[in-house]
2 protein chains.
Amino acid sequence: MRTSPPKERADAARNRAVVLEAAAALFREHGVDAVSMDAIAAAAGVGKGTLFRRFGDKAGLAVALLDEQERTLQEAILFGPAPLGPGKPGDDPTPRERLHAFVAAYLDYLLAHLPLVHMSETASPGARYRIAAYRFWHRHVSLLLSDRDDPQADAHTLLAALAAEHVQAATGDLGETRVRRAALTLANALML
Amino acid sequence: MRTSPPKERADAARNRAVVLEAAAALFREHGVDAVSMDAIAAAAGVGKGTLFRRFGDKAGLAVALLDEQERTLQEAILFGPAPLGPGKPGDDPTPRERLHAFVAAYLDYLLAHLPLVHMSETASPGARYRIAAYRFWHRHVSLLLSDRDDPQADAHTLLAALAAEHVQAATGDLGETRVRRAALTLANALML
DNA sequence: GGACGTTACCGGACCACGGTCCGCTTCCAC
DNA sequence: GTGGAAGCGGACCGTGGTCCGGTAACGTCC
């Protein structure tokens, strides 16, 4: 919620909002993959340079669009009720319960925004592992797996099965239900 | 080894060979990512159209370059000695042993050719899951997991952890040793 | 063996896209 | 009002990928 230090100029803030709205509308209308950055810039009445300076690249734009929902999920994990969050003193969920809840909630989020998340993860090579969100999920899962020999490595393993690319392909092959079950199976298998 | 049915024209065969050689040389020299399709075409003394018609896209070119080594591994799996292959009657390896051997052998192959495999999997969205090789690995792993509730889904899970993109990022974060261990851990965890 | 029609194949001009660059404009603090 | 910096926009670049008029290889028929 910090707004003070860098101080954003008025026209900049206005443009950011206009761009995000235009992008959201175009994505809804034509599908994420069919919309070019040129088109977004044109629809927003803004130069292409502006667009790239503010969002870095196409993945950055996707991240910005997902930001709100992503933060909601992250806050539920950090401060929300059990089993997804830590809960209030007294109803402490087990790590297994929390991991299950995380996988289920993350898949809800992912499947609801698959094309956008996919774009945020694949627009540039290695994008997925650079964005802040990945580090957040990884940290959270690592903590829940802290009884294992190498929690960080196992957390990467779990998250590999939640990659947009993988979930998209597996869903096409097996359907959503089996993919969800498989992810929960994995979570189980990794809890000793 | 079939050569008869489609009958490839002489110049076509010569061009294919020239292109593959040129590509291999350029990749060795400058690294896979730094070499454009234009450069390959020019180095091979061939038009760009030729290149794309024969290999489809950049991923196809990578697949062609990997073809030999990939086939070696596949044949070892199908017909080779235990524990990677089925072995001769009498020394039947358990599925667990075979799965371990597969993961180890696949990681050898993958890490030896990471940039090329990465290109073959990410050049176009969803490429990884379309190429024949993926279906082969998936089928093999499914068979080894046939005691599980949903072998196909679990096979996808295992292969997600062997995706070039994931292994590349995880290796950068944790180092090769821990990534290898994590993959074997996963194989273990999925064997009931 | 040589001319011929068919057809697979070739090559490079062409396109759309993501991304960069830099001279000009606009905003803001003083 | 003014100086300077943050921001703007669109021309520009290199890339992966497509298209199509031309070319050369091959089977065939004399």
Side-chain angles (χ1 to χ4, degrees), chain A residues 3-20 22-23 26-27 30-64 116 118-127 130, chain B residues 3-20 22-23 26-27 30-65 115-116 118-127 130:
Chain A
T3 44
S4 25
K7 204 68 177 294
E8 186 178 42
R9 239 170 66 172
D11 51 347
R14 204 184 52 238
N15 274 337
R16 144 178 286 127
V18 172
V19 165
L20 287 178
L26 285 176
F27 288 160
H30 302 104
V32 170
D33 298 326
V35 177
S36 71
M37 294 298 263
D38 282 301
I40 296 171
V46 127
K48 213 157 57 127
T50 304
L51 209 162
F52 278 94
R53 188 164 4 77
R54 300 216 68 75
F55 300 104
D57 59 5
K58 218 182 176 185
L61 179 55
V63 168
L116 215 46
H118 187 255
M119 183 169 112
S120 84
E121 293 186 352
T122 56
S124 67
R130 279 196 304 271
Chain B
T3 46
S4 25
K7 206 67 177 296
E8 188 176 39
R9 240 170 66 172
D11 53 347
R14 203 185 51 240
N15 274 337
R16 143 178 287 128
V18 172
V19 166
L20 287 178
L26 286 176
F27 287 161
H30 304 101
V32 170
D33 297 326
V35 176
S36 71
M37 294 298 263
D38 282 304
I40 296 171
V46 127
K48 212 160 52 128
T50 303
L51 210 162
F52 278 95
R53 189 166 359 80
R54 301 217 67 75
F55 300 103
D57 59 5
K58 219 183 177 185
L61 179 55
V63 168
L65 280 169
L116 215 46
H118 187 255
M119 183 168 111
S120 83
E121 294 185 351
T122 55
S124 67
R130 278 196 304 270

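Chain naming here is simple, since letters A, B, ... match the order of the sequence lines and numbering starts at 1 in each. Since the structure is predicted, the reported quantities are computational estimates derived from the model, not experimental observations.
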Q) Between A:R53 (CZ) and D:dC8 (P), how many Å, whole number? A) 5 Å
(Q) Categorize A:S36 for me: base, sugar-phosphate, or nothing, with a 4.0 angstrom heavy-atom threshold over every strand shown. (A) sugar-phosphate
**Q.** Presence of A:N15 side-chain N/O under 4.0 Å of D:dC8 phosphate oxygens OP1/OP2
**A.** yes
Q. Does any N or O in the side chain of B:R14 come within less than 3.5 Å of the main-chain N or O of B:R9, such that one atom is a donor and the other an acceptor?
A. no
Q. Roughly, in whole Å, what's the span from CG in B:L61 to P in D:dG17?
A. 11 Å
**Q.** Nucleotide range of DNA chain C lying under 4.0 Å from chain B heavy atoms
**A.** C:dA8 to C:dG12
Q: For DNA chain C, determine which residues of residues 40-48 of chain B have any heavy atom closer than 4.0 angstrom to one of its atoms, and list them numerically.
A: B:V46, B:G47, B:K48
Q | Between P of D:dA25 and CZ of B:R14, the distance in whole Å | A | 7 Å
Q: Find the distance B:D11:CG to D:dC26:P and express it as a whole number of Å.
A: 7 Å
Q: Check the distance between D:dG9's C1' and A:M37's CE and give it to me in whole angstrom.
A: 15 Å
Q: Report the distance from atom CG of A:D38 to atom P of D:dC12, rounded to the nearest whole Å.
A: 15 Å
Q) What nucleic acid atoms does B:R16 come within less than 4.0 Å of, heavy atoms only: base, sugar-phosphate, or nothing? A) nothing
